[in-house]
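Here's a structure for you.
Each residue takes its place number in the sequence, starting with 1. Read the numbers this way: they start at 1 and go in the same order the structure lists the ligands and their atoms. The figures here come from the full heavy-atom set of this structure, side chains too, leaving out hydrogens, waters and symmetry mates.
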Amino acid sequence: MSNQLESILQSRASVGKYQTGKQIPQQDIQELLRLATLSPSAFNMQNWHFLVVNSDEAKQRLHPIAYYQPQILDASATVVICGDLDGYQRLEERLTPSVEAGILNDEIVKGWSEMVNSGFADNPQAQRDEAVRAASLAAMTLMLAASGKGIASGAMSGFDAQGLQKEFGLAKERLPVLLVTLGYPDQASWPQKPRVSVQDVMSIV
Ligand SMILES: Cc1cc2nc3c(=O)[nH]c(=O)nc-3n(C[C@H](O)[C@H](O)[C@H](O)COP(=O)(O)O)c2cc1C
């Protein structure tokens, strides 16, 4: 592991208190989201979507949906990381650039498409699991990418997913999985908390 990545992992903290009024330029948020899209996903399905809540008006709408947690108003922006339940239906389109790059061929794409259709089409649990996996990996990449650029972040599951879908007009197939706040930490924000020892959470077989 490079020292740079290790030091990001050692220092990243979930920020609950942000300096207000300090904005991340929109092009920087876009670059962070581009880095987040480098996350892996099953079959490279890329079954994620990022809704950036950036304006004061949108933050006011999100605040009650996130149970009035103050960081929604104080952070520069909050990214709603969504997983698409119907992402499997767009697999061929998502893989076209890999065919054009000569990494995959049509035969592989056809085989994978058949596999995902039989695995996901009539299986809401599998659709949901894959949406949550993809969105969670993208959320972590986003937070690490932000740390690398000196931007603090915080993951949040404390929100009403159905209320968010309704308020922001998301399609029912677009599942809001996590909120990630982005901004600059206030001095009062907690540092990274200690973890239990790795021996307590691992087993080797
Ligand atoms: C899935 C998930 C949901 C979380 N939800 C919230 C939340 O709703 N509000 C909040 O203040 N922090 C939330 N957190 C932050 C955690 O409390 C935090 O990651 C944990 O205490 C460890 O803190 P650290 O990363 O700074 O060491 C969430 C974190 C994760 C990964």
Side-chain angles (χ1 to χ4, degrees), residues 1 4-20 22 24 29 32-33 35-42 47-54 58-85 125 127-168 170 174-202:
M1 194 189 298
Q4 201 191 352
L5 179 55
E6 190 167 340
S7 88
I8 287 170
L9 293 171
Q10 297 278 6
S11 61
R12 181 217 52 81
S14 300
V15 166
K17 287 190 202 313
Y18 287 95
Q19 295 174 43
T20 52
K22 206 170 165 194
I24 305 167
I29 293 180
L32 291 179
L33 293 178
L35 293 169
T37 66
L38 300 179
S39 305
S41 56
N47 45 327
W48 42 53
H49 182 85
F50 307 100
L51 171 68
V52 182
V53 176
N54 198 52
K59 288 178 192 174
Q60 291 290 347
R61 285 161 56 205
L62 183 59
H63 194 214
I65 291 166
Y67 309 123
Y68 298 97
Q69 296 193 65
Q71 59 268 46
I72 297 292
L73 297 182
D74 296 344
S76 175
T78 296
V79 183
V80 182
I81 318 271
C82 302
D84 284 342
L85 302 170
Q125 180 71 51
Q127 292 172 16
R128 194 181 170 91
D129 288 349
E130 217 48 69
V132 172
R133 287 187 191 110
S136 301
L137 285 167
M140 192 68 241
T141 308
L142 172 62
M143 292 191 284
L144 294 177
S147 288
K149 291 182 183 293
I151 294 170
S153 65
M156 298 170 67
S157 60
F159 67 97
D160 166 13
Q162 274 188 345
L164 194 153
Q165 262 177 329
K166 198 165 159 221
E167 178 64 34
F168 290 91
L170 299 182
R174 188 149 279 170
L175 182 74
V177 173
L178 271 170
L179 307 182
V180 173
T181 51
L182 296 171
Y184 299 96
D186 186 270
Q187 275 186 342
S189 191
W190 288 333
Q192 188 184 79
K193 301 173 201 80
R195 303 299 197 251
V196 298
S197 83
V198 68
Q199 289 89 344
D200 289 345
V201 292
M202 73 172 278

Closer than 3.5 angstrom, by distance alone: can the side chain of Lys59 be matched with the main-chain N or O of Ala75 as a donor-acceptor pair?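 Side chain of Lys59 to backbone of Ala75, a donor-acceptor pair under 3.5 Å: yes, one is there.
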Of all the non-hydrogen atoms in the protein, which one sits nearest to atom 26 (O) of ligand 1, and at what distance?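 Checking every protein heavy atom, the shortest distance to atom 26 (O) of ligand 1 gives Ser14 N, 2.7 Å.
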Checking Ala66 now: which residues fulfil side-chain contact (heavy atoms from CB on, under 4.5 Å) with it, not counting sequence neighbours?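 By the side-chain contact (heavy atoms from CB on, under 4.5 Å) rule, Ala66 matches Ile72, Met156, Phe159, Leu179.
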Just to confirm my output: which protein heavy-atom neighbour is closest to atom 8 (O) of ligand 1, and how far is it?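 Protein heavy atom with the smallest distance to atom 8 (O) of ligand 1: Gly158 N, 3.0 Å.
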Looking at Arg12 and Gln10, would you say the former's side chain and the latter's main chain have a donor-acceptor pair under 3.5 Å?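 No; judged by distance alone, with no hydrogens or angles, the pair does not exist.
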Do me a favour and list the nearest non-hydrogen protein atom to atom 1 (C) of ligand 1 with residue, atom name and distance?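 Result for atom 1 (C) of ligand 1: Leu178 CD2, 3.7 Å.
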Quick check: does Ala155 get an N/O under 3.5 Å from an N/O on ligand 1?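 Right, the criterion is met.
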Using modelled atom types only, decide if a donor and an acceptor are shared between the side chain of Ser76 and the backbone of Leu182 within a distance under 3.5 Å.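 No: the side chain of Ser76 does not pair with the backbone of Leu182.
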I'd like the name of whichever of Ala13, Gly154, Ser157, Gly16 reaches closest to atom 3 (C) of ligand 1 through any heavy atom.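 Nearest option to atom 3 (C) of ligand 1, by heavy atoms: Ser157.
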Whether Gln192 side chain and Leu9 backbone form a donor-acceptor pair below 3.5 Å: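 Looks like yes, one N/O pair under 3.5 Å.
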Would you say Leu179 touches ligand 1, if touching means a heavy atom closer than 4.0 Å?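 No heavy atom of Leu179 comes that close to ligand 1.
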So which of Gln69, Arg195, Arg12, Lys17 gets nearest to atom 7 (C) of ligand 1, if we judge by its closest heavy atom?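 Going through Gln69, Arg195, Arg12, Lys17 one by one, Gln69 has the nearest heavy atom to atom 7 (C) of ligand 1.
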To check your reading of the model: name the closest protein heavy atom to atom 17 (O) of ligand 1, its residue, and the distance in Å.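 Residue, atom and distance for the closest contact: Lys193 NZ, 4.5 Å.
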Is there a donor-acceptor contact under 3.5 Å from the side chain of Glu167 to the main chain of Ile65?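 Here the side-chain-to-backbone pair does not exist.
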Checking the side chain of Gln19 only, and the main-chain atoms of Pro185 only, is there a donor and an acceptor separated by less than 3.5 Å?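 Flag set: sc Gln19 to bb Pro185 pair under 3.5 Å.
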Which residue owns the protein heavy atom closest to atom 11 (O) of ligand 1, what's the atom, and how far is it?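 Result: Gln71 NE2, 3.2 Å.
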